[in-house]
Every structure is written in structure tokens, then in C-alpha cells.
Protein chains: 2
Amino acid sequence: MSSEEVLKLENQTCFAVYACAKEITRLYQPVLKELGLTYTQYIAMLALWERDAVSVKELGERLYLDSGTLTPLLKKLEAQGLLTRARDAGDERQLLIRLSAAGKALREKALEVPEKVFCQSGVNVEMMLKIRSQMGELMTALQPVAAADQRGE
Amino acid sequence: MSSEEVLKLENQTCFAVYACAKEITRLYQPVLKELGLTYTQYIAMLALWERDAVSVKELGERLYLDSGTLTPLLKKLEAQGLLTRARDAGDERQLLIRLSAAGKALREKALEVPEKVFCQSGVNVEMMLKIRSQMGELMTALQPVAAADQRGE
DNA sequence: TCAAATTAAATTGTATGCAATTAAAATAAA
DNA sequence: TTTATTTTAATTGCATACAATTTAATTTGA
């Protein structure tokens, strides 16, 4: 690529993904508002509905978020009565996150979220599936780099 | 999709894009640190290197950011001596952002950023181009929705 | 003309997001 | 065992993001 083109915004794949991610969460916002959740709170609940009674560390690994983000977020969800935060009796370092009855019940209302958002977007199923698989590929391509950084290489 | 699967994290295209966007900016971070820029500051500079002496509004439209994000960000870049902020004489409502000599000079160092990041990622050119075009398609699919929201429809 | 509506930034308030540090608990090693 | 290391959350500090409001300037319309 020429030195003229290499820094053009429209040629930056990073910016394309960054902009899409923001546009997508913007699309979710009004739908999630009905559940009283922000987008990040929503994906945290998704993870918990799939697997309950997990530590902050495990939750963070699945969501790619650290305790600096999760601790305040989980405190807010606790304040809303959706979950409880309690130290693991077997290992006091760990904090176990458990859904409350209200937290489990909210799943029923959340069931219609993906459909609602999909209908509001101008996206068709084929595009959506293609994007998901592409992002999966990209993530596996990027993850080794992140892991190596973690190990200090 | 079954009610079991519809809320699974791995089936959420939104989460795939969201996670990739974060991973990508993480990849840029060490490279941009050498230029003294954060990722958002970097894309702001990309936009300005392409087109100088623009208003906050125009910059925001190109970056999909509003004044709430841009005002403090531009003040930081001004403090670094990379640009100047001055009201437009013709329309005092507008603030014109102009690159300083240092801001223009920084472009030379930035020229090697895309290549550096690309080499550190495990991504090949084909994947990158495919993703960029996919994100472009997605953005055009989502933008009408955002525009309609803007108009209050 | 001149009040009403619109526009552009800035400000305020809330919620991430992450690096770096701290504190407490558990594990490893001497 | 007793210290050193490691692990897990919480905390701190900084930088986004964005909705909603405010302020100042401009444009519209009666």
C-alpha cells in the first residue's frame, strides 16, 4: 500500500471493527433498557445464565474483562437484586457469583432480545453468520498474541 | 434457534465483534505508546492527517464520536502540542481543529504503525481484507437504523 | 426586526475498560 | 514449619463512550 493510503481511515480494518462494535451496542441499548441492563451487564448475565456460581476470574476469562471492570459491574447487578456475591468457603480468595431468583427469572424476558435486535438491524441471517465465523477466526488468530504478551514474550 | 441456544454467548454475533474490537485495540496499544497516543487519539489523528482544519462536528461524524468524547480528547492532544483548537471566525459556534507542525510531523512515525501491528497479529492479508469489507457491509446495514433513530422514527 | 427554533461545543453524570498496585489467602519451597 | 511465591479480587488512576443538559451563536419565520 502506498504511503498515501496506508493511514487512510477507510483502509483501517481496526477502525471498521471498532466502529461496528459501537454501532451494535448502540442498537442493543433501547432493547436492553426494558430489562434495566446495559450492554456489558447483559453479556455478564448471558454468561451467568449459561453457567452459574462462577468466580470473578472465570467470568472475566469468558467475557475478556478484568476485575477492574467486573467488580463495580457485579456490585451494581447485586444492588439490583439479580445476583449475590460471596466468598468461596473452600478458597476465600475467590468470590462466587450466584444468580438470584430474580436473576434467573430475567432470562425469560431476555429470550426475545436477540430476535428484537435482529429485526431492527438491516442485517440478514447469512451476513450475521458469516460475520460471526469471521470474528471467531480473527479471535483465534489474535489470541496467541495476547497469550504470549501475558507470558511476557 | 432453540430457547436453549438463543442466549448462549458463543451464538451472539454482537459479542464476537465486541470482543474482537477490544482485542484489536489491545494489540495497537504497545505500538501506539511509542507515539504517545491512545487508540482513540490515534484514529483522531488519522482523520486529521487525511483532512485538516475541520470542526468537532465533522470529526465526530467521521469517527462516530460525539463532543462528550472528543472535547476532552482534543484538549489532551492540544496539550501535547499536536493540534490547535480555535473558534471559526466565520461561525463562532464551530471549533476548528488544526494540526500543528508537530502533529503533521508525527505522521511520519505513524506510517509504520499498520505494518507493525499487522506483523504482530496472526492475521493474513486475505482475512484482513475480507473482514474489512464485511464490516463495511455491516456498517451500511446498521447505519440506516441509526439515522432513523436520529430522526426519531 | 426580533423572538423562536436550530446548531455546535462544552459540561455533567453514569458506565465501562484496562494497567498498575494493593491486600488477603493459598500454595510452594526451603 | 515458616518464608517466599503465586493467585484472586479490590482499588486507584486515567481514558474513553454516550445520553442529557446547558450555553452561545446562527438561522428562520412571523
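What you see is a predicted model, and the numbers here were worked out from it, not measured in a lab. Note on naming: letters A, B, ... go to the chains in the order of the sequence lines (proteins, then strands), and numbering restarts at 1 for each one.
R87(B) has no carboxylate O lying under 4.0 Å from a charged side-chain N of E92(B), or vice versa, which leaves the two without a salt bridge. Here E126(A) does not pair with K130(A) in a salt bridge; the nearest charged N to carboxylate O distance is not below 4.0 Å.
The span of DNA chain C lying next to chain B, judged by atoms under 4.0 Å from heavy atoms, is bounded 5' to 3' by dT7(C) to dA19(C). Here the range on DNA chain D touched by chain B, meaning any atom under 4.0 Å from one of its heavy atoms, is dA15(D) to dT26(D).
Under a 3.5 Å cut-off, the side chain of Q12(A) and the backbone N or O of K8(A) do form a donor-acceptor pair. In this structure, the side chain of R62(B) engages the main chain of A47(B) through a donor-acceptor pair within 3.5 Å. One N or O on the side chain of D52(B) and one on the backbone of L99(B) form a donor-acceptor pair closer than 3.5 Å. Listed for the Q134(B) side chain is no donor-acceptor partner under 3.5 Å among the backbone atoms of I131(B). Of the possible polar contacts, none joining the R132(B) side chain to the A16(A) backbone as a donor-acceptor pair under 3.5 Å is found.
Between D91(B) and T25(A), it is T25(A) whose nearest contact on DNA chain D lies nearer the 5' terminus. Where D88(A) and T40(A) meet DNA chain C, the nucleotide closest to each residue was compared, and T40(A) sits on the side nearer the 5' end. Ranked by how close their nearest DNA chain D nucleotide is to the 5' end, L95(A) and Q29(A) are led by L95(A).
Two rings, from Y18(A) and Y64(B), have their centers 6.0 Å or more apart.
The number of heavy-atom neighbours closer than 6.0 Å to CZ of R51(A), taken from other residues, nucleotides and ligands shown, is 12 or below. Around the CD atom of E5(A), the shell of radius 6.0 Å holds more than 12 heavy atoms that belong to other residues, nucleotides or ligands.
The stretch residues 54-72 of chain B touches DNA chain D through Y64(B), L65(B), D66(B), G68(B), T69(B), each having a heavy atom under 4.0 angstrom from the strand.
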